[in-house]
Amino acid sequence: MESGSPVSKKSRLFHSEDCEMEEVPSNAAGVNPSLHWTQWQILDSILPTGGFAHSYGLEAAMQSRMVNNQEDLKSFVIQVLDNTGSLLLPFVYCASKSPDAAEWVKLDQLLEATLTNEVARKASTSQGSALLRVAASVFTEIQVLQDLRRAFLGSKSVSFHHAPIFGLICGLVGFDSETAERAYMFVTMRDVFSAATRLNLIGPLAASVLQHQVAPDAERMMQKWRDRDVSEASQTAPLLDALQGCHAYMFSRLFCS
């Protein structure tokens, strides 16, 4: 790593071939204020991470007639946020708190073992690998992202699950853990409402109004589940998990999950 690197803290990165450890930068935003633009870009819907290809089980819930109107949608989103907070937020928190490659590998492997829903598991790995690919290509000033992708691309030891990748990237660009957790909840809520508009369940303006109304619930869920270790990760909405698992069996579908 060059001495002129804009980062001060360091993390450790495994080499895929010889398992040697190399120091790499882990926090870039503390020294360079311009990287606030990078932080905002992570939350921008234009970033092609593949999140909009997934409905978080909403499409299956609509076809099963469990979500039929705006009130049903509001209840569904709140349950998704509650489940996201309980199951995935601990992985975001731990990865952002310690944006270290060795720690990320452990978190990724643990989440791989935790997710029993095959549809959700594939959606998580698809979005996570896409996020890392995009981040490494766009945020070229953060060398660790490129090193990470080169080291583990094609490796069978990691699956690139979305929550640990998201937390890792947030930590590398200078988000504190609380902001990273809130950002993950926001992205989840945003994507569900986007899916609802494309499924013609609700119009874009009504979706924006409803998103604003649900924001206090999202904050409540964030505060309820924030700063928890992965040992406390749990499933709070088994019915939603079962619905999402049925997605692959639907005759006609717009989304991947």
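Heavy atoms only: backbone and side chains are in, while hydrogens, waters and symmetry mates are out. Computed from a prediction, not measured in an experiment: that's the story for all the values here.
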side-chain contact (heavy atoms from CB on, under 4.5 Å) assessment of L73 paired with L58
CA-CA 8 Å; L73 174 61; L58 177 60; 4.1 Å; yes

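- Cluster membership check: V144 does not share its hydrophobic cluster with L153, using side-chain heavy-atom separations under 4.5 Å among Ile, Leu, Val, Met, Phe, Trp and Tyr.
- Between Y184 and H162, the ring-plane angle classifies as tilted under the 30° and 60° cut-offs.
- Without hydrogens or angle criteria, D191 side chain to T188 main chain gives no donor-acceptor distance under 3.5 Å.
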Taking it one step at a time, do M66 and D72 satisfy side-chain contact (heavy atoms from CB on, under 4.5 Å)?
CA-CA 7 Å; M66 295 195 65; D72 291 343; over 6 Å; no

Working for side-chain contact (heavy atoms from CB on, under 4.5 Å), residues R198 and S55:
CA-CA 10 Å; R198 283 178 289 159; S55 72; over 6 Å; no

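- The distance from the CG atom of L81 to the NZ atom of K224 is 11.5 Å, given to the nearest 0.5 Å.
- Cluster annotation: V209 and L201 are assigned to distinct hydrophobic clusters (Ile/Leu/Val/Met/Phe/Trp/Tyr, side-chain heavy-atom contacts under 4.5 Å, transitive).
- Checked by atom type, the side-chain pair S129/R133 shows no donor-acceptor distance below 3.5 Å.
- Taking 4.5 Å as the limit, some side-chain heavy atom of V214 sits within range of a side-chain heavy atom of F193.
- Considering CE of M221 and CZ of R182, their distance stands at 14.5 Å, rounded to 0.5 Å.
- Using modelled atom types, one side-chain atom of T197 and one backbone atom of S194 make a donor-acceptor pair closer than 3.5 Å.
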Derivation and outcome, side-chain hydrogen bond (donor to acceptor under 3.5 Å, both in side chains), residues E103 and S98
CA-CA 7 Å; E103 178 67 16; S98 302; 5.8 Å; no

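- Looking at heavy atoms from C-beta onward, L243 lies in side-chain contact with S64 at the 4.5 angstrom threshold.
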Quick one: do Q146 and T140 satisfy side-chain contact (heavy atoms from CB on, under 4.5 Å)? Show the steps, please.
CA-CA 7 Å; Q146 300 168 53; T140 54; 3.8 Å; yes

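- Under the 3.5 Å distance criterion, the side-chain polar atoms of Q39 are matched with a main-chain donor or acceptor of V173.
- Residues H161 and L88 form no side-chain contact, since every pair of their non-hydrogen atoms from C-beta on lies 4.5 Å or further apart.
- In terms of heavy atoms, Q109 sits closest to S157 at NE2-O, 2.9 Å.
- When side chains are defined from C-beta on, S124 counts as touching L115, because their heavy atoms get closer than 4.5 Å.
- Shortest non-hydrogen contact noted between A95 and P164 is CB-O, 3.4 Å.
- In this structure, OG1 on T125 lies 7.5 Å from CD on E112, to the nearest 0.5 angstrom.
- Under 4.0 Å is where a charged nitrogen must lie from a carboxylate oxygen, and between K74 and E71 no such pair does.
- When side chains are defined from C-beta on, V77 does not count as touching L210, because their heavy atoms never get closer than 4.5 Å.
- No single ILVMFWY cluster, assembled from side-chain heavy atoms under 4.5 Å apart, contains both Y93 and L110.
- Taking the ring centroids of F139 and W37, they lie at or beyond the 6.0 Å cut-off.
- Residues E141 and V138 approach most closely at OE1-O, 4.4 Å, considering heavy atoms.
- Atom CD1 of I202 and atom CG of N69 lie 10.0 Å apart (nearest 0.5 Å).
- To the nearest 0.5 angstrom, W225 atom CH2 is 12.5 Å from E181 atom CD.
- With a 4.5 Å cut-off on side-chain heavy atoms, T84 and M185 count as touching.
- Classified by interplanar angle (parallel below 30°, tilted 30° to 60°, perpendicular above 60°), the ring pair W104/F152 is perpendicular.
- For the pair D176 and K97, the salt-bridge criterion is not met [side-chain N within less than 4.0 Å of a carboxylate O].
- Two residues are said to be in side-chain contact when any heavy atoms from C-beta on lie closer than 4.5 Å; V80 and F76 meet this criterion.
- To the nearest 0.5 Å, atom CZ of residue R226 and atom CD of residue E178 are 4.0 Å apart.
- Looking at heavy atoms from C-beta onward, S86 lies in side-chain contact with N83 at the 4.5 angstrom threshold.
- When each of I165, D229, L107, D108 is checked for a side-chain contact (heavy atoms from CB on, under 4.5 Å) with F91, only L107 meets the rule.
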